[in-house]
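To find a chain, count down the sequence lines: A is the first, B the second, and so on, and within it residues start at 1.
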Amino acid sequence: MEVEQKGLEIDLGNLMAYDPHHHFPPYLPSREELAQQCLQKGTELVQAIAFDLFNLPSTEDRDGPIVTLPKPTTRLPREKRLPEPKPLTKWEAFAKAKGIRKRKKDKLVFDEQTGTWKRRYGYDHVNDDNDVPIIDAKMTDEPGEDPFAKRKADKKKRVEKQEKNRLQNLKNAAKMGSLPSHVQLAATALPITGTQSAPTKLSKNELQDIAGKAGTSTASGGKFDKKLPGEKPEKHEGKYRKFLPVVEKRGADSQERKQTERAVTIINAKKEKKQSKRSERSSSTPSKLKPNKKSHKSFKKGSSKKSSKQGKSK
Amino acid sequence: MIFSILLLLLFSLQFTMIKIRTPKSQRAKRAIEKRAPKLVETGRKTLILQGTKTSSTLNEVLTEIYHLKKENAVRYTRKNENIRPFESGGETSLEFFSLKTDCSLVVFGSHSKKRPNNLVIGRTYDHHIYDLVEVGVENFKSLESFTYDKKQAPHAGSKPFIAFIGEGFENVEELKHLKEMLLELLRGEVVENLNLAGVDRAYVCTAVSSNRVFFTHCALRLKKSGSIVPKMELVEVGPSMDLVFRRHRLPNDGLRKIAMKTAKDQAKKKEKNVSKDAVEGKVGKIYIPEQKVGATALPNKAKGVKRERREAKMKNSGNDSASKKPKTSSE
């Protein structure tokens, strides 16, 4: 950024010039005059940029002189996030720790089996399993084993192990946020049942149930498990019985009275249900003339409804 | 607790496998790598689109902006009813388009009674709206209305000179923001090497008052002068318009800090194998590479041909290498 005598700011990397000191007259001139003035001022600024630009060291090319522009000085925001440095793969970390260096490998290797030069890998490569005609038996071999099949199986295992390691490296890179741009990790679920349908996602309630089961399956019944941030406490705290306090007030407030009242209303409701059923079957005498088998207590809780159990039992 | 849940989930759900998906062709791979985030960025692609209602002037404005930025711009011509940049929910469509076209600069035009000839210029960071500036276009003069010598017309895609005039750009916050936006919009690709014979356009933006910017596009004429630096002459060619500032949205501070982070400047690569000698001048050694017997190409293996044909060729060449088959007229 050069601040010249006139007070211009020039950013050569962007070919931009800025004159912060120009005042415009408060009266608005006509449009042509304005345009003329702007062009004039513009020419001055462009001339200033050109002055700096053409004085840069240039190399001659067949199309014209080529200059290397400096980096732009105005700071502008990026459009995409900064690429993260890649974490070392498992092998790279091991090699670094051990001090193993890479060696350049030849594309062609001499194959002992066939006696020709073959590729190191790929189509028609060295040490191909199909080329081996005879495998000598060793003392450690079991009699029933097929050594050719064993070689194939070993290779398959090695390939699988390599794939697993590659996937692990990519997952690690994805965790750090530096997955290579052309690679995508897609989660595909394979149902054990063998159907083609994708498994349905568990709902919130189901997840809570499972979490509860997981908790109670621990040795302490889930009491000392660390909770994740945002995880709600258990619905059922593990207490299944509620005991009345030993010392209590007398009177209508006491919990013992409430307990017995509740039990009695439930029983009464059940009785009423039975009676109403019986009266349906044989309604000879109206219910008012029947002997009053009602309880001593007066309050009923909506016994007109069929459902007698109300409220959750804790 | 967490591990036990996971174990239970694993058994209660089904076995999940993660697949590695890579592009199957080199072309697809190159396309994806073009869109990947880079350490040093070279200019934004622009997406030009419109809302429910546009006026004729606004249409012209949008097409001319597109012509100015032909190389790195995408023009959508359909109406987009659900884009309302300044409302909280109305930006999802814009972000989706930005993701699909890989454009991080958006020019959205709309026309209404309250805001006639409205132009919203917005930037995205990581395909989410970063900041917006809304301007109204007045006194628009299109490309065709200017008369000039057509030979001096600027070529498409040339790097422009940009001139900002006026103290308004420094003192007024809104105009400062607008200046930044205009710079992003007009500058094109950030290049290292520039051919001086190819500079032929200039944009002039003047802050006429505290909310009005006069914008014009000129062609450059380079005249001979005494020194290396030619004399510049500006000829108005392109669209000229008045941009009236309406409203803007600045980025969040946190987002701004993240977006402004730059990679540390890498140290200049040392030029290898060059040394200066007082007697001989610039000296470098020529190394003859090792003759690698193992890396020589295998004979008679025309790799461009499919395998069956290759093998057939090998057999043929083994049988009759001396005799040449005469070319028939059908070949």
Side-chain angles (χ1 to χ4, degrees), chain A residues 14-24 34 38-39 41-43 45-47 49-51 54 58 63-69 72 74-83 106-108 117 167 170 181-192 199 210-211 214-215 218 225-226 228, chain B residues 1-2 4-5 8 12-23 29 32-33 36-37 39 41 44 104 125-126 130 159-167 169-170 183-184 187 190-197 202 204 206 208 214 216 228-229 232 234 236 259-261 263 292 294-295 298:
Chain A
N14 281 327
L15 293 183
M16 178 184 91
Y18 171 42
D19 178 12
H21 299 302
H22 187 88
H23 302 283
F24 265 95
L34 185 70
C38 290
L39 274 190
K41 263 311 230 165
T43 321
L45 291 189
V46 170
Q47 192 67 53
I49 308 175
F51 184 79
F54 281 82
S58 68
D63 297 323
I66 294 190
V67 294
T68 312
L69 289 175
T74 30
R75 283 189 65 209
L76 292 166
R78 287 179 62 92
E79 57 170 332
K80 294 185 184 144
R81 46 179 88 172
L82 272 173
D106 284 340
K107 190 167 174 180
L108 294 177
W117 287 88
L167 183 62
L170 285 174
S181 53
H182 58 273
V183 175
Q184 268 185 318
L185 292 180
T188 52
L190 274 180
I192 295 177
I210 290 180
T218 51
D225 283 342
K226 270 195 200 153
L228 292 170
Chain B
M1 170 75 164
I2 308 159
S4 43
I5 290 182
L8 254 178
S12 63
L13 271 184
Q14 274 99 10
F15 179 71
T16 52
M17 208 173 71
I18 297 193
K19 266 190 183 173
I20 304 171
R21 281 206 206 134
T22 47
K29 185 175 176 198
I32 292 178
E33 294 199 326
L39 216 57
E41 292 195 330
R44 299 175 180 250
S104 55
Y125 174 74
D126 207 18
Y130 177 75
K159 186 126 175 94
F161 283 78
I162 312 177
F164 288 101
I165 307 165
E167 53 178 6
F169 283 126
E170 184 77 33
L183 179 63
E184 288 255 34
R187 73 169 170 167
V190 179
V191 286
E192 259 196 38
N193 300 326
L194 182 68
N195 189 350
L196 291 179
V204 180
T206 331
V208 177
F214 172 66
T216 183
I228 324 167
V229 185
M232 295 285 181
L234 261 64
E236 246 190 297
M260 285 296 211
K261 261 201 233 173
K292 286 193 191 126
L298 285 171

### Query
Given the rule in the side chain to side chain contact (heavy atoms under 4.5 Å, CB included) test, do B/Glu184 and A/Leu76 qualify, once you have shown the distances and angles that lead to the verdict?
CA-CA 8 Å; B/Glu184 288 255 34; A/Leu76 292 166; 3.8 Å; yes
#### Entry: Stepwise side chain to side chain contact (heavy atoms under 4.5 Å, CB included) check, A/Leu34 with B/Thr206
CA-CA 10 Å; A/Leu34 185 70; B/Thr206 331; over 6 Å; no
### From CA spacing to verdict: side chain to side chain contact (heavy atoms under 4.5 Å, CB included), A/Ile66, B/Leu196
CA-CA 6 Å; A/Ile66 294 190; B/Leu196 291 179; over 6 Å; no
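Counting heavy-atom pairs closer than 4.5 Å to chain B, the top-ranked of the candidates A/Leu39, A/Leu15, A/Thr74 is A/Leu15. Between chain B and the options A/Val183, A/Val67, A/Thr68, heavy-atom pairs under 4.5 Å are most frequent for A/Val67. Interface summary for chain A: among B/Leu194, B/Ile228, B/Val204, the most heavy-atom pairs under 4.5 angstrom belong to B/Leu194. Contact count against chain A (heavy-atom pairs under 4.5 Å) is highest for B/Leu234 among B/Thr22, B/Val191, B/Leu234. Among the candidates B/Pro37, B/Ala202, B/Ala197, the residue making the largest number of heavy-atom pairs closer than 4.5 Å to chain A is B/Pro37.
Interatomic distance, OG1 of A/Thr43 versus CZ of B/Phe161, reported as 12.0 Å (0.5 Å rounding). Rounding to the nearest 0.5 Å gives a distance of 7.0 Å between CD1 of B/Ile165 and CG of A/Asp19. Between B/Ile32 atom CD1 and A/His182 atom NE2 the span is 8.5 Å, to the nearest 0.5 Å. Within the model, atoms CG of B/Asn195 and OG of A/Ser58 stand 10.0 Å from one another, a figure rounded to the nearest 0.5 Å. Separation of atoms CZ (A/Arg75) and NZ (B/Lys261) is listed at 11.5 Å; rounding is to 0.5 Å.
Under the 4.5 Å side-chain criterion, counting only non-hydrogen atoms from C-beta, B/Leu39 is in contact with A/Pro83. Put simply, the side chain of A/Pro72 reaches to within 4.5 Å of the side chain of B/Val190, judged on heavy atoms. Using a 4.5 Å heavy-atom cutoff, the side chains of A/Pro77 and B/Met260 are in contact. For the pair A/Gln47/B/Val229, a side-chain contact is recorded, criterion being any heavy-atom separation below 4.5 Å from C-beta on. Inter-residue side-chain proximity for B/Ile162 and A/Asn14 is flagged as unmet; no heavy-atom pair is nearer than 4.5 Å.
When heavy atoms are compared at a cutoff of 4.5 Å, A/Leu170 approaches chain B solely by way of its side chain, counted from C-beta outward. Interface residue B/Tyr125: backbone and side-chain heavy atoms are both found under 4.5 Å from chain A. Of the two parts of A/Pro65, the backbone and the side chain both hold a non-hydrogen atom closer than 4.5 Å to a non-hydrogen atom of chain B. At a 4.5 Å heavy-atom cutoff, the contact between A/Leu69 and chain B is made by backbone and side-chain atoms alike.
Here the closest heavy-atom approach between residue A/Tyr18 and residue B/Glu170 is recorded as OH-N, 2.9 Å.
Judged purely by atom type and a 3.5 angstrom limit, B/Glu41 uses its side chain to pair as donor or acceptor with the backbone of A/Glu79.
Residue-environment remark: NZ (A/Lys41) exceeds the threshold of 12 foreign heavy atoms within 6.0 Å. Other residues, nucleotides and ligands contribute more than 12 heavy atoms inside 6.0 Å of the CD atom of B/Glu33.
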